[in-house]
Amino acid sequence: MTSKKNKEYTLGNEAEEEIIEYSFQWMIAPPCPVAVLVNCLDILNNLRKKHPWIQEELKAQINYFQRTKPSPALMSRTNKIMQQKN
């Protein structure tokens, strides 16, 4: 993973798996604020190349959120992520 200042941080597989698990859990929690949701989407999007199985689940979650929580911030972020996949 890299930060905005292009510093690279190496995480172990176990740490990445925990981050993935918590990101999905936070996203599907009913009271999840949009800001938390879009950050979880970014985290998962960044990890999808290393963990290819994330891509299908992320796509399904994005489609669901676009139908059920169509806020401007969420729509902007999900459209950006979907364009990156192509």
Side-chain angles (χ1 to χ4, degrees):
M1 296 186 79
T2 59
S3 71
K4 289 186 179 184
K5 294 181 180 180
N6 294 326
K7 293 182 181 178
E8 189 167 319
Y9 298 95
T10 304
L11 298 175
N13 284 337
E14 188 174 314
E16 284 183 0
E17 289 175 14
E18 284 186 47
I19 290 169
I20 292 166
E21 183 179 337
Y22 283 118
S23 294
F24 276 117
Q25 286 177 2
W26 288 334
M27 282 191 331
I28 62 174
C32 184
V34 173
V36 173
L37 179 60
V38 296
N39 285 320
C40 288
L41 290 170
D42 281 341
I43 290 167
L44 293 168
N45 187 46
N46 288 334
L47 291 171
R48 74 181 163 81
K49 290 179 184 174
K50 188 171 179 184
H51 304 275
W53 66 268
I54 292 175
Q55 188 162 338
E56 282 301 314
E57 186 61 32
L58 184 59
K59 182 179 175 183
Q61 290 297 320
I62 286 172
N63 289 332
Y64 174 76
F65 293 138
Q66 286 180 331
R67 287 192 319 271
T68 61
K69 301 179 182 185
S71 73
L74 182 64
M75 294 303 288
S76 174
R77 191 67 56 92
T78 56
N79 287 334
K80 179 181 171 184
I81 290 171
M82 293 298 278
Q83 287 174 356
Q84 289 176 0
K85 288 184 177 184
N86 297 328

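Only this structure's heavy atoms are used, side chains among them; waters, hydrogens and symmetry mates stay out.
- Here the closest heavy-atom approach between residue Q61 and residue F24 is recorded as CG-CE2, 4.2 Å.
- Follow the hydrophobic side-chain contacts under 4.5 Å out from L74 and you reach Y64 in the same cluster.
- In this structure, NE2 in H51 is found 11.5 Å from CG in N46, a value given to the nearest 0.5 Å.
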* Starting from the C-alpha separation in whole Å, work towards a yes-or-no answer on side chain to side chain contact (heavy atoms under 4.5 Å, CB included) for K49 and Q55. => CA-CA 8 Å; K49 290 179 184 174; Q55 188 162 338; over 6 Å; no
* **From CA spacing to verdict: side chain to side chain contact (heavy atoms under 4.5 Å, CB included), R77, L37** => CA-CA 10 Å; R77 191 67 56 92; L37 179 60; over 6 Å; no
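- The structure places OH of Y22 at 13.5 Å from CD1 of I43, a figure rounded to the nearest 0.5 Å.
- Nearest approach of K50 to L11, heavy atoms of both residues: NZ-O, 4.3 Å.
- Under the 4.5 Å side-chain heavy-atom criterion for Ile, Leu, Val, Met, Phe, Trp and Tyr, M82 and M75 are members of distinct hydrophobic clusters.
- When every heavy atom of C40 is checked against every heavy atom of M27, the shortest pair comes out as CB-CG, 3.5 Å.
- A donor-acceptor pair under 3.5 Å is absent between the side-chain atoms of S76 and the main chain of P72, judged by distance alone.
- E17 contributes atom CD, which lies 11.0 Å from atom CG of L47 (distance to the nearest 0.5 angstrom).
- V38 and W26 are assigned to two separate hydrophobic clusters, defined by single-linkage of ILVMFWY side chains at heavy-atom distances under 4.5 Å.
- Checking L44, N63, T78 one by one against L58, the side-chain contact (heavy atoms from CB on, under 4.5 Å) holds for a single residue, L44.
- Between the SG atom of C32 and the CG atom of N39 there is a distance of 9.5 Å, given to the nearest 0.5 Å.
- Separation of atoms NZ (K59) and CG (N45) is listed at 13.5 Å; rounding is to 0.5 Å.
- Summarising the geometry of I81 relative to I62, their closest heavy-atom pair is CG2-CD1, 3.6 Å, with the distance given to 0.1 Å.
- To the nearest 0.5 Å, the span separating CD1 on I20 from CD on E57 amounts to 11.5 Å.
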